[in-house]
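Written out below as structure tokens is the structure these notes cover.
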Amino acid sequence: PSVLISDNGSGSAALHGTVHPPPVFHDSSSIDVDAVTEAELKENGFRSTRRTKLVCTIGPATCMPEQLEALAVGGMNVARINMCHGTREWHRQVIQRVRRLNEEKGFAVAIMMDTEGSEIHMGDLGGASSVKTEDGEIWTFSVRAFDSPLPERTINVNYEGFAEDVSIGDELLVDGGMVRFEVIEKIGPDVKCICTDPGLLLPRANLTFWRDGSLVRERNAMLPTISSKDWLDIDFGIAEGVDFIAISFVKSAEVVKHLKSYIQARARDSDISLIAKIESIDSLKSLGEIIQASDGAMVARGDLGAQIPLEQVPSEQTRIVQLCRQLNKPVIVASQLLDSMIEYPTPTRAEVADVSEAVRQRADALMLSGESAMGQYPEKALTVLRTVSLRIEKWWRDEKRHEVMELPAIASTFSDSISEEICNCAAKMANSLEVDAIFVYTKTGYMATLLSRCRPDCPIFAFTTTTSVRRRLNLQWGLIPFRLTFADDMESNLNKTFSFLKARGLVKKGDLVIAVSDMLQSIQVMNVP
């Protein structure tokens with residue numbers, strides 16, 4: 001049967017109240033589309049759809065089926081599971097719930113598994129969700145394994161060489177400076193520290209130590225990118241069929257290539273994309289090679305800001321976003337976007353400005369971490385990301401701020417060069433002719449990514465044959481992915497698509513569309529008949 005399903009690439013459940021998506025029935029004579037996209041397109045037209053994608057980290061605050069559905073209705077495109085926290089069985093349940101949500105409600109929420117990495121971090125705080133520190137308190141950082149509950153003001157550290165590497169007088173930064181300590185004494189495996197900048201300690205927070213104003217790296221720099229636990233987690237991700245694996249603290253392109261070949265050997269039919277997390281000095285030194293080897297990148301600003309001066313983070317974010325765009329790799333801006341909303345129902349104005357800047361930089365996606373995993377207001381935080389994205393994108397279009405970025409040729413074959421030229425032309429034509437939408441028919445998703453890279457003013461309807469490609473495209477800017485069983489000829493595909501979309505009121509007679517295809521490598525401009 002011909003199946004056509006859209007995703008939740010659009011916008012605003014707030015515009016039309018609580019939306020309960022209808023169940024999905026795969027029928028050759030109907031179009032299946034989730035209620036959020038359908039209502040948004042009907043009420044406000046093509047141009048109202050949100051282009052910037054939204055990633056939510058799933059945690060205790062958002063792991064139940066009704067909470068996951070609320071996030072999907074609110075605009076979540078990708079659900080992130082963080083292997084720093086929780087058991088594999090807990091993560092398996094979340095994956096199953098998201099998959100069930102997709103099957104029953106027609107969503108295309110992708111799953112991203114984030115590895116822990118082997119950088120130095122704290123333990124679990126004895127089961128507490130957070131611990132407050134006070135100025136002048138003495139805390140013990142220890143590499144010992146405690147059988148019983150942790151002694152008061154004691155923190156486990158995962159790196160065995162920690163006590164040897166630090167020196168008295170070193171400054172210890174938790175989560176890039178959210179809390180600061182100074183080392184005052186070393187006793188065997190224990191390091192005594194005085195709190196100099198109080199704050200909130202969170203489980204498994206990243207630790208860095210500084211000496212004379214410089215980051216101390218020593219053995220830390222020799223730790224492997226992928227730890228033994230990470231390899232077990234990666235096997236778990238492959239077995240569960242996750243869509244993306246995000247690799248923490250990538251130091252070189254070789255790590256990415258090695259992992260790609262490992263996944264290929266373990267699962268030949270696998271469609272897992274690798275996202276390189278840029279969060280260390282090593283990542284920045286080999287940035288071009290790492291992004292080229294990966295399927296996408298994440299600007300992990302929290303950990304990055306713990307290794308480079310804070311004032312350098314914004315310029316590095318801009319550089320990473322632009323480089324990913326040039327190399328046609330999706331890029332996620334992450335960490336502390338709406339950090340205050342972990343505790344408060346509204347964001348600071350500075351946070352809104354930060355989100356706006358990421359949208360203006362045309363990043364593919366924005367990510368919530370603690371805000372959605374353990375915050376008090378996960379749905380409100382997602383609403384802020386969605387409404388700010390919609391507003392800034394509309395402002396950009398209204399101001400006719402067309403791109404000035406020169407996109408270099410990236411094709412490695414003659415066939416890819418043709419696809420690239422077609423997509424560049426289609427995007428330029430779409431802007432100059434002010435078309436309502438671009439339709440792209442693509443089996444691999446490649447032509448859809450090339451169109452997304454051009455950032456045209458209109459939305460891009462990406463029709464593909466497999467659900468895994470459809471979910472993967474849900475991370476890319478401006479794409480509304482559908483699944484469609486292709487016919488042999490383009491005209492038949494167009495007619496079928498038009499009749500399905502018209503029957504649901506998603507397009508109307510006279511709408512101007514550009515259609516491109518990687519089967520015929522063709523480009524057509526037409527009005528909906």
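Position 1 is the first residue of the sequence; numbering continues from there. This structure is a prediction, so every number in the text was calculated from the model and none was measured. Note: hydrogens, waters and symmetry copies are ignored here, and every other heavy atom, side chains too, is used.
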Task: Backbone of Gln476 reached by a side-chain donor or acceptor of Asp364 within 3.5 Å - done: no
- [ ] Would you sort out whether Arg100 and Glu103 count as a salt bridge (Lys or Arg N to Asp or Glu O under 4.0 Å), showing the intermediate values?
- [x] CA-CA 5 Å; Arg100 197 174 305 126; Glu103 287 166 17; over 6 Å; no
Can you find a side-chain donor-acceptor pair between [X] and [Y] that sits under 3.5 Å?
X: His121; Y: Glu116; result: yes
X: Glu357; Y: Gln361; result: yes
X: Gln521; Y: Ser419; result: yes
X: Thr318; Y: Ser315; result: no
X: Arg391; Y: Ser389; result: no
X: Gln317; Y: Arg301; result: yes
X: Gln307; Y: Thr208; result: no

Open item on the list: List the residues meeting ring-ring contact (aromatic ring centres under 6.0 Å, His included) with Phe461, not counting sequence neighbours, and say none if there are none.
Closed with: Phe46, Phe439, Phe482
TODO: Begin from the C-alpha positions of Arg88 and Met83 and carry the test side-chain contact (heavy atoms from CB on, under 4.5 Å) through to its verdict.
DONE: CA-CA 8 Å; Arg88 291 191 190 103; Met83 302 310 285; 4.1 Å; yes
Check whether any side-chain heavy atom of [X] sits under 4.5 Å from a side-chain heavy atom of [Y], and report yes or no.
X: Cys458; Y: Ile438; value: yes
X: Asp114; Y: Lys277; value: yes
X: Leu274; Y: Ile263; value: yes
X: Asp518; Y: Ile422; value: no
X: Asn77; Y: Arg50; value: yes

Open item on the list: Check this for me, if you would: do Asp295 and Lys260 make a salt bridge, where the nitrogen-to-carboxylate-oxygen distance has to be below 4.0 angstrom?
Closed with: yes
Open item on the list: Restricting to side chain to side chain donor-acceptor pair (under 3.5 Å), what partner residues turn up for Thr464, sequence neighbours left out?
Closed with: none
Open item on the list: side chain to side chain donor-acceptor pair (under 3.5 Å) for Ser452 and Thr449? Distances and angles first, verdict last.
Closed with: CA-CA 5 Å; Ser452 169; Thr449 70; over 6 Å; no
- [ ] Check the angle between the aromatic planes of His258 and Trp231 and answer parallel, tilted or perpendicular using the 30° and 60° thresholds.
- [x] perpendicular
- [ ] Before giving the answer on side-chain contact (heavy atoms from CB on, under 4.5 Å), spell out for Thr383 and Arg386 the whole-Å C-alpha distance, their side-chain angles and the decisive distance to 0.1 Å.
- [x] CA-CA 5 Å; Thr383 299; Arg386 188 186 68 233; 3.6 Å; yes
TODO: Under the side-chain contact (heavy atoms from CB on, under 4.5 Å) rule, what do Ile523 and Val516 come out as? Steps first, then yes or no, please.
DONE: CA-CA 5 Å; Ile523 180 167; Val516 300; 3.9 Å; yes
- [ ] For Glu66, enumerate each residue passing the salt bridge (Lys or Arg N to Asp or Glu O under 4.0 Å) test, keeping only those at least two apart in sequence or located in another chain.
- [x] none
Task: Heavy-atom pair with the smallest gap, counting every atom of Ala515 and Met490 - done: CB-CE, 4.1 Å
